[in-house]
Amino acid sequence: MNKIKRIKGTQDVLPGEVHNWQKLEAVIHSTMSIFNYREMRTPVFESTELFARGIGRLTDIVSKEMYSFEDRGKKQITLKPEMTAPIIRAYLEHNLKTQAPLQKVYYISSLFRQENPQAGRLRQFNQFGAEAIGADAAELDTELIQLALAVFAKLGIEGLKLEINTVGDTECREPYKIILKEYLRPVLDQYCEDCRKRFDGNPLRILDCKKENCRTLNRNAPKLSDHLCSGCDEHFTKLQDTLRAGGIAWSHNPYLVRGLDYYTRTVFEITSSDLGSQNAICGGGRYDLLAEQLGGPPTAAVGFAAGIERTLMVMGRQGLLSEQPGRLQVFVAPLGDAAAAVATEWVTKLRAMGYRTDRDYLGRSVKAQMREANRQRAQMVFLLGDEELKQKNFSVKEMDNGTQKSVSFSEIGPYLSDFFKHEK
RNA sequence: GUGGGUGUAGCUCAGUUGGUUAGAGCGUCUGGUUGUGGCCCAGAAGGUCGUGGGUUCAAAUCCCAUCACUCACCCCA
């Protein structure tokens with residue numbers, strides 16, 4: 001029989017590394033709490049229609065990357081490829097705005113996209129992110145950026161770059177698209193095949209094409225920043241003012257465009273040079289039109305999403321991952337069947353007292369049990385053989401200093417509380 | 001979907017111009033102590049050399065195909 005292997009683009013997080021995930025998650029929870037964001041969880045799958053309408057049918061994600069299938073009831077189902085659309089769906093479905101006009105929520109979730117894997121890109125991957133729903137204030141955009149940066153800062157990550165841009169709103173983006181298309185149409189045949197495809201559905205994406213030739217052609221294209229409506233212009237100015245007031249460094253990248261259709265006004269991206277070619281660790285922006293596209297009332301909102309695997313990758317490159325999980329406090333080493341029975345009772349008692357305790361289950365020799373205790377970095381070993389049983393005590397070996405002493409069964413409680421008095 | 005790279009022990013890797021029973025380090029197990037860890041020493045277990053075919057007296061080694069992994073394009077977290 002050949003072994004079954006994991007699906008391409010998926011990852012196992014093994015016991016020896018999971019503590020780093022837990023630490024990251026703890027920082028996310030605590031930072032979100034400090035910024036007054038509350039966690040929200042949504043199903044792993046949704047109706048395909050949600051993403052088709054929310055993200056946009058012409059985007060890469062929807063047109064070729066989704067894990068979609070028909071269930072036994074002939075419903076079109078998709079494993080969620082991103083979190084913003086499900087969050088807004090739930091927000092609308094439960095009328096959360098009736099609870100409070102501004103909802104601030106966050107999530108940690110697995111997402112699924114059927115792309116070709118490479119460094120920092122998986123088919124099942126994890127993101128954390130936050131969404132503030134119900135306000136169009138630019139200060140809120142700044143808060144989301146601060147929040148993302150705060151998580152990274154608390155983790156000790158350095159050297160991140162923040163880029164911002166504005167993509168306008170319906171009032172100015174649609175007219176601008178027409179102006180842009182008028183410029184592009186006569187020279188379109190000089191653009192690459194991808195760009196020609198983008199022309200009808202998403203001409204803005206032509207502006208951040210990476211091909212040298214397209215970039216050259218783009219230099220003479222009309223700029224959105226010259227065609228912003230007064231509302232968007234003010235919003236972008238306000239964003240930069242508040243970022244400045246918050247002491248945040250950024251650069252304005254006029255070609256920064258997001259691949260999802262729902263963005264309006266603010267877009268931003270945080271990148272790290274400690275990643276591979278997939279260098280974005282966080283992306284976000286404002287999406288004031290999404291709620292309406294999903295059948296809800298006009299609702300301003302802003303959010304970000306950050307890659308957990310990419311964050312861990314950066315932490316690894318910066319030496320921020322720890323090797324050592326917690327230590328075992330007590331290892332009970334019984335010798336023989338009689339001792340094994342008593343050991344079972346004591347392991348139960350020690351655990352009930354709150355000490356991290358384990359024992360041998362393989363009937364191993366003392367030497368092997370000591371090796372095991374050492375591997376577990378146990379702080380002490382309770383040896384229990386015939387002599388100890390007769391005397392009703394343990395031979396307790398303190399592993400860090402190598403000393404050994406007899407502690408009678410009745411004194412174990414006080415002995416342990418004294419030994420561990422400096423640990424809480 | 002398209003390109004490049006790599007597939008030998010659990011892990012990281014050697015393996016000569018094709019030549020007998022395919023090696024090392026780490027890890028695992030056992031022993032060096034009637035019942036004592038780490039360091040050290042000795043030993044053991046563990047391999048369809050990714051898979052299939054071809055060339056050859058002989059293939060881990062050469063050729064073809066295929067699969068997997070990986071990096072990159074694209075796009076994104």
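Order of the sequence lines fixes the chain letters, A, B, ..., with proteins taken first and strands second; residue numbering starts at 1 for each chain. Values below: every heavy atom of this structure, side chains too, minus hydrogens, waters and symmetry copies.
For Arg375(A) and rG38(B), the CZ to C1' distance is 12 Å, given to the nearest whole Å. When rounded to the nearest whole Å, the span between CD of Gln369(A) and P of rU33(B) equals 19 Å. As a whole-Å value, the separation of Leu275(A) CG from rA77(B) P is 13 Å. In this structure, Leu256(A) atom CG and rC76(B) atom P are separated by 10 Å, rounded to whole Å. For the pair Asn279(A) CG and rA72(B) P, the computed distance is 11 Å after rounding to whole Å. What separates CD of Glu115(A) from P of rC71(B) is a distance of 14 Å, to the nearest Å.
Residues Lys80(A) and Ser109(A) bring a donor and an acceptor atom of their side chains to less than 3.5 Å of each other.
Side-chain N/O atoms of Gln278(A) include one lying less than 4.0 angstrom from OP1 or OP2 on rC73(B). Between Arg121(A) and the phosphate of rC73(B), there is no side-chain N or O to OP1/OP2 separation shorter than 4.0 Å. In this structure, Ser365(A) does not reach the rU36(B) phosphate: none of its side-chain N or O atoms is under 4.0 Å from OP1 or OP2. Neither OP1 nor OP2 of rG35(B) sits under 4.0 Å from any side-chain N or O of Lys367(A).
When Watson-Crick and G-U wobble pairs are counted only if both distances are under 3.5 Å, rC62(B) pairs with rG54(B). Within the shown strands, rG5(B) is the pairing partner of rC69(B) under the Watson-Crick or G-U definition, both distances less than 3.5 Å. The nucleotide rG47(B) finds no pairing partner, because no Watson-Crick or G-U wobble arrangement with both distances shorter than 3.5 Å includes it. rU12(B) and rA24(B) make up a base pair, with Watson-Crick or G-U wobble contacts both under 3.5 Å.
Going from atom OH of Tyr37(A) over to atom CD of Glu143(A) covers 3.5 Å, rounded to the nearest 0.5 Å.
Among Met380(A), Met370(A), Lys405(A), the one residue that satisfies the side-chain contact (heavy atoms from CB on, under 4.5 Å) test with Lys397(A) is Met370(A).
For a distance-only test at 3.5 Å, the side chain of Lys397(A) fails to qualify as a donor-acceptor partner of the base of rG35(B). Between the base of rC29(B) and the side chain of Arg371(A) there is no donor-acceptor pair shorter than 3.5 Å. With hydrogens and angles left out, the side chain of Gln118(A) and the base of rC69(B) share no donor-acceptor pair within 3.5 Å. On a pure distance criterion of 3.5 Å, a polar donor-acceptor pair joins the side chain of Gln404(A) and the base of rU36(B). A donor and an acceptor atom never sit less than 3.5 Å apart when one is taken from the side chain of Lys64(A) and the other from the base of rG1(B). Interface remark: the Glu388(A) side chain does form a donor-acceptor pair with the rG35(B) base, using a distance-only criterion of under 3.5 Å. No donor-acceptor contact under 3.5 Å links the side chain of Asp386(A) to the base of rG35(B).
The Asp60(A) side chain lies nearest to rC74(B) when the options are rU36(B), rG35(B), rC74(B). Checked against rG35(B), rA72(B), rG31(B), the side chain of Asn116(A) finds its nearest nucleotide in rA72(B). Nearest nucleotide to the Val366(A) side chain, out of rC71(B), rG35(B), rA68(B): rG35(B).
Residue whose closest nucleotide on RNA chain B sits further toward the 5' end, between Cys282(A) and Gly276(A): Gly276(A). Toward the 5′ end of RNA chain B lies the nearest nucleotide of Ala378(A), the other residue of the pair Gly284(A) and Ala378(A) mapping further downstream.
Contact annotation for Leu335(A): base contact, defined as any heavy-atom pair under 4.0 Å involving a base atom. As judged by a 4.0 angstrom heavy-atom cut-off over every strand, Glu82(A) is placed among residues making no nucleic acid contact.
Using a 4.5 Å heavy-atom cutoff, the side chains of Thr84(A) and Glu131(A) are in contact.
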Output, in order, the C-alpha distance, side-chain angles, deciding distance and verdict of salt bridge (charged side-chain N to carboxylate O under 4.0 Å, His left out) for Asp274(A) and Arg310(A). CA-CA 9 Å; Asp274(A) 287 317; Arg310(A) 290 185 188 180; over 6 Å; no
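On the C1' atoms, rU28(B) is 8 Å away from rG10(B), given to the nearest whole Å.
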